[in-house]
Amino acid sequence: MTTSNIPVPSDDSGGYDPAAIESKWRERWSARGTNTTDIEGGERPFYALMMFPYPSAEGLHVGNLFAFTGNDIYGRFHRLQGHTVFQPLGYDAFGIHSENYALKVGVHPMQMIPRNIANFRRQLERAGLMVDWSRSLDTTAPEYYRWTQWVFLQLYKQGLAYKKKGAVNWCPSDKTVLANEQVIAGACERCGTLVEQRFLEQWFFRISDFARRLLDNLDALDWSDTTKTAQRNWIGQSEGARVAFRREAGDGSAATGEAIAVFTTRPDTIFGATYMVLAPEHPMVDDLTTDDSRAAVAAYRDASSRQDVVARKTNKVKTGVFTGSFAINPATNQPIPVWIADYVLMEYGTGAIMAVPGHDERDYEFAQVFGLPIVRVVAGPDDSATTPLDGAFTDDAAGRLVNSGTFDDLPVALAKQAITTWLAEREAAEPVTNYRLHDWCISRQRYWGPPIPIIYCDSCGPQPVPEADLPVILPDIPDFRPDDSGVSPLARHAEWYHVACPNCGKQGRRETDVSDTFLDSGWYFLRYPSVGHDTEPFDAEITRKWLPVDSYIGGNEHAVLHLLYARFITMVLHDMGYLHFEEPFTRFRAHGLIIRDGAKMSKSKGNVVNPDAFIEQWGADSFRTYLMFLGPYEEGGDFRDAGISGVRRFLERLWLASALATEAGAPDPAVMRKLHQTIAKVTHDIPRLSYNTAIAAMMEYMNVLRKGERTPHRDEVEPMVQLVAPFAPHIGEELWERFGHHVSVFDSGWPAFDADLARDETVQLAVQVNGKLRGTLSVARDITQEAALALALAEPGIAKHVTGAMRKVIFVPGRLLNLVV
RNA sequence: GCGUGGGUGGCGAAAUGGUAGACGCGGGGGACUUAAAAUCCCCUUCGGGCAACCGAAUGCGGGUUCGAGUCCCGCCCCGCGCACCA
């Protein structure tokens, strides 16, 4: 029993019992359909999307709840502002995570995933999220992946899906394809064997065709700059030139026939290109290799193919071999040797480079190892043409050309253009924009994913599965373990694998690869509002009303790939006329990470927060509010178990104040002033996701409210219930009901801010002398400089610091007075 | 290496160029209680002082400004991402 200076109500309506009111409101919301969105009729639609979770067997992670709660507050706030808010949540349940876990514990994913989802659903419901569960989805359900396959077929139709050989990680001991995350420091995570590259025929999407658009559209999006920058870097645009190096004919002159194309961002350094390097996999290598070099080249290519695709270490010593052939430098007309080396990547540019050891660090290292000539063609401010190089000189901003014929003395920036133009006139170069972005490999030689809807026919070639035949059901096979064939386990199931060719009817074979999980998540936001429409992936009218997504919140780990893929899919569907927008997420914010007691949470450390236990002990409302209070939402925070008690105390005080609130008398103007200042602060902070400061402001208000031995007035408390509701929805509903309302607090509107009520009549004016604080004055808000100055000088504590004549007075009305002496 | 976000009390953190440390945890003291828990009140950046007060302080060194945690230049350290991208 409380013995506070606030008297206990005589008709004690009971203390705050989170367990009781939370289960009450869970049932109410479900029975009343409070969280079900009126998709067709709702006005001012607002689509508040959060990244869907992978339903792990361990259950909901506190990081998931942190993310979802932040989104929930944002969505509930918009609902209170009068929007019809749609806040769906589903499960990203296909993929390597589930499959690996299933393999480890020996439970089939088709049994495991539904169990996990049921557990997630239970935990999510306890968290009090305003999720419309009638429109959930599960990427592993045939009614969902039917349309994932449909998306693949649309790209195929557009010529944006194609097959080519691509590198995969191969463990020679386990004889299986490994995902990149299963390769640790170049070795198989299971057995430790060094991983090799293998080249398999795989499906790719031509996302690189969209590089320019994906880059340019970023400017107009309301995304955080860090996310935009991450995308820009990933797309990796660079301006440069494609330069053709003709092969040397044997007599020092250029041969006719196919030239070697290189991409360079430094055409200005071409006079310093003293050799060339091709990637070991470059298609011209065979042709360029002379008989004398054939054995060495073959050995080198073999060795480099054995390297894993993931971890090519930066600081290793450069290796390579001479092909025996020469090419002609189009600037100097001199023959230069053609080498192969694995520091040149086939995937970037043309797979071949002109090597300028004087001005590129990698080329310099290589030239040092193999004794190749190093020529200076750019001089810094203190260098001459003959200043020796003791490393690559790469400071191009300060450089001028030397040893470059008629281009000597030109600054680097001008020389880039001049030399490109000069070479172009001689048909040896053209300016090009190159992108780092590669095409998206969507093939997975795995079981747990949507089968790629293609049928191979010996007569007709690859044929798309007709849309009417979708979905291509993933069969329930007991042995889903990958084997040493290098193809998906699906290939072992003849009854599934053999199928009639949709074109000629003869026996064909199904594609046995499944698609990347990123394809599942590349379009799911289009599906949510149309869940239940079984004849189409998304309904045109609903999509026009609800999309693009108004607000998207998710983890930084998806800031690059997932968002890029989703943008790409959206762009393609837009171009095909299915969508009226080409950018799916109008606004995106990444939330931070939760750590615990200063360390990352991990099972091995045993410091993983179990949300169930905390909700059990403290209630979901306290747990949610604490998660939002422990740090800035976009940065994350440090979970300390003891910290939650402060938030719980805050909610207890609100409960008590509501129970005591009276309608007798009038509200206190000073309290009302603070209330309206709090309304302003919370209204300002929520859209900025500054939840921690919004909560702090509400706590501050509660501290003001309970000062003095007075019974709070209803008008002082009731709006607080609305402010708190997005954070602590159950107590929000309960107190709102106890104030006599019969509709949900979330349909009650947001408390109105009254600037007149909020205005302070007196302010604390800081008085500085030479910028040092020497006192404060309690003065009228609109005091003049003269009056403030007089008051300040009348204070002995201030006046004593004014030792000489005042040279200057700085006055910031209502804030500060600075006397400069 | 490149990119990116940070560095503020014992701890989590606040601060449109204008009173650094709001709010909360923890700690100390007190009230209530037979007692404890809960609750309430006061104190809590550091140094000096009985105190009024004085001085120092936002990773380090400079600069701009009447005034800098905030802006500029040069460093150091930590987290995250990418990693030979020509």
Side-chain angles (χ1 to χ4, degrees), chain A residues 1-6 8 15 224-227 229-230 232-234 236 238 240 262-266 269 277 310-316 318 341-345 347-356 359-363 365-366 434-438 556-557 559-560 592-593 595 597-598 600 626 629-632 634-647 649-650 652-653 656 690 692-703 706-707 764-776 797 800 807-812 814-821:
Chain A
M1 193 51 50
T2 176
T3 53
S4 79
N5 57 352
I6 299 177
V8 176
S224 61
D225 285 334
T226 53
T227 307
T229 306
R232 287 194 185 102
N233 291 343
W234 190 263
S238 41
V262 306
F263 172 74
T264 178
T265 55
R266 294 296 306 275
T269 61
V277 187
V310 181
R312 288 172 130 175
K313 285 284 174 204
T314 310
N315 290 328
K316 70 173 190 184
K318 293 276 183 291
D342 64 5
Y343 82 91
V344 173
L345 309 175
E347 310 87 73
Y348 186 76
T350 61
I353 61 157
M354 64 178 211
V356 184
H359 305 285
D360 181 282
E361 278 162 22
R362 297 152 301 179
D363 296 345
E365 276 177 44
F366 190 83
N434 199 60
Y435 296 92
R436 209 187 76 120
L437 183 66
H438 303 325
N556 249 323
E557 69 275 21
V560 176
L593 239 55
I595 57 174
D597 299 327
K600 219 171 181 168
Y626 178 52
F629 182 61
L630 48 72
E634 292 179 79
E635 286 166 35
D638 191 355
F639 193 100
R640 309 249 161 179
D641 293 5
I644 194 172
S645 60
V647 167
R649 263 195 282 272
F650 161 69
E652 296 267 10
R653 286 168 183 163
L656 185 61
S690 189
N692 55 334
T693 55
I695 294 165
M698 291 188 286
M699 286 175 165
E700 232 181 292
Y701 176 67
M702 288 310 294
N703 290 342
R706 67 202 179 87
K707 288 287 179 220
Q764 296 297 310
L765 189 75
V767 182
Q768 300 179 335
V769 179
N770 289 338
K772 248 186 185 350
L773 183 73
R774 294 303 182 183
T776 56
K800 72 179 183 191
R807 292 195 288 123
K808 200 171 176 184
V809 176
I810 310 283
F811 181 64
V812 182
R815 291 222 70 133
L816 149 147
L817 183 70
N818 187 12
L819 312 177
V820 186
V821 296

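Naming: A, B, ... by sequence-line order, numbering from 1 per chain.
Regarding A/Leu816, its CG atom lies at a distance of 14 Å from the C1' atom of B/A68, rounded to whole Å. Atom-to-atom, CG of A/Leu765 to P of B/G18 comes out at 15 Å; the value is rounded to the nearest Å. Distance A/Glu557 CD to B/C82 P: 11 Å, rounded to the nearest Å. Protein atom CD of A/Glu347 is 13 Å distant from nucleotide atom C1' of B/A86, rounded to whole Å. In this structure, the OH atom of A/Tyr701 is 16 Å from the P atom of B/G24, given to the nearest Å. Note: NZ (A/Lys707) to C1' (B/C40) measures 10 Å, nearest angstrom. Whole-Å rounding puts the A/Glu361 CD to B/C84 C1' distance at 11 Å. Atom-to-atom, CD1 of A/Ile595 to C1' of B/C11 comes out at 12 Å; the value is rounded to the nearest Å.
Residue contacts shown for A/Glu700 are limited to sugar-phosphate atoms, with no base heavy atom under 4.0 Å away. Within the nucleic acid shown, A/Asn233 comes within 4.0 Å of sugar-phosphate atoms alone, with no base atom in reach, counting heavy atoms only.
The two atoms that bring A/Ala230 and A/Val560 nearest to each other are CB-CG2, 3.8 Å, heavy atoms only. Counting all heavy atoms, side chain and backbone alike, A/Asn703 lies closest to A/Lys707 at O-CG, 3.1 Å. Nearest heavy-atom pair across A/Met354 and A/Thr269 is CE-OG1, 3.7 Å. Of all heavy-atom pairs between A/Ile353 and A/Val262, the closest is C-CG1, 3.5 Å. When all heavy atoms of A/Phe366 and A/Ala341 are compared, the closest pair comes out as CE1-CB, 3.6 Å. Residue A/Leu817 comes nearest to A/Val809 through the heavy atom pair CD1-CG1, 3.7 Å, listed as atom of the first residue, atom of the second, then distance.
Although no hydrogens or angles enter the test, the distance criterion places no donor-acceptor pair under 3.5 Å between the side chain of A/Asn770 and the main chain of A/Lys772. Under a 3.5 Å cut-off, the side chain of A/Asn434 and the backbone N or O of A/Ser238 do not form any donor-acceptor pair.
Dashed line: the shortest gap from a side-chain N or O of A/Arg640 to OP1 or OP2 of B/G26 is not under 4.0 Å. An OP1 or OP2 oxygen of B/G24 is reached within less than 4.0 angstrom by a side-chain nitrogen or oxygen of A/Asn703. Residue A/Asn692 places at least one side-chain N or O closer than 4.0 Å to OP1 or OP2 of B/A14. Close to B/U39, at under 4.0 Å from its OP1 or OP2, lies no side-chain N or O of A/Arg706. Dashed line: the shortest gap from a side-chain N or O of A/Thr693 to OP1 or OP2 of B/A22 is not under 4.0 Å. Within the structure, every side-chain polar atom (N or O) of A/Lys772 is placed at least 4.0 Å from both OP1 and OP2 of B/G18.
Of the C1' atoms belonging to B/U45 and B/G26, the separation is 15 Å, rounded to the nearest Å. Nucleotides B/C42 and B/U4 have their P atoms positioned 48 Å apart, rounded to a whole Å. Rounded to whole Å, the P atom of B/A38 lies 12 Å from the corresponding atom of B/C25. Atom name P, nucleotides B/G62 and B/C11: the rounded distance is 26 Å, in whole Å. On the P atoms, B/G69 is 15 Å away from B/U8, given to the nearest whole Å. If you take atom C1' in B/A86 and the same atom in B/G7, they sit 36 Å apart, rounded to whole Å. B/A31 and B/A36: their C1' atoms are spaced 15 Å apart (whole Å). Spacing of P atoms, B/A20 relative to B/A68, comes out at 10 Å, to the nearest Å.
Checked against B/C84, B/U19, B/A13, the side chain of A/Leu773 finds its nearest nucleotide in B/U19. For A/Tyr348, whose side chain is taken as the heavy atoms from C-beta onward, the closest listed nucleotide among B/G18, B/U4, B/C85 is B/C85. Residue A/Lys318 has its side chain nearest to B/C84 when only B/C84, B/C82, B/G5 are considered. Distance from the side chain of A/Ile810 is smallest for B/G18 among the nucleotides B/A86, B/G18, B/G26. The listed nucleotides are B/G3, B/G12, B/C40; the one nearest the side chain of A/Thr229 is B/G3. When distances are taken from the side chain of A/Lys600 to each of B/A14, B/C54, B/C80, the shortest belongs to B/C80. Comparing B/U19, B/C53, B/C84 against the side chain of A/Thr776 picks out B/U19 as the nearest. Comparing atom distances between the A/Lys808 side chain and each of B/C66, B/C82, B/G12 picks out B/C66 as nearest. The nucleotide whose nearest atom lies closest to any side-chain atom of A/Ala696 is, among B/C23, B/C53, B/A86, B/C23. When distances run from any side-chain atom of A/Pro632 to the nucleotides B/G24, B/U19, B/A14, the shortest one goes to B/A14.
Toward the 5′ end of RNA chain B lies the nearest nucleotide of A/Arg649, the other residue of the pair A/Arg649 and A/Arg774 mapping further downstream. Across the interface with RNA chain B, nearest-nucleotide mapping of A/Arg815 and A/Met699 shows A/Arg815 to be the residue nearer the 5′ end.
In textbook terms, a nucleotide whose glycosidic angle is within 90° of 0 is syn, while B/G30, being further out, is anti.
In this structure, A/Lys318 forms a cation-pi arrangement with A/Tyr343, its terminal cationic atom sitting closer than 6.0 Å to the ring centre and no more than 45° off the ring axis.
No side-chain heavy atom of A/Val344 sits less than 4.5 Å from a side-chain heavy atom of A/Arg362.
The strand RNA chain B forms stems, runs of 3 or more Watson-Crick or G-U wobble pairs with distances below 3.5 Å, at B:1-7 with B:76-82, B:10-12 with B:23-25, B:26-31 with B:39-44, B:45-48 with B:53-56, B:59-63 with B:71-75.
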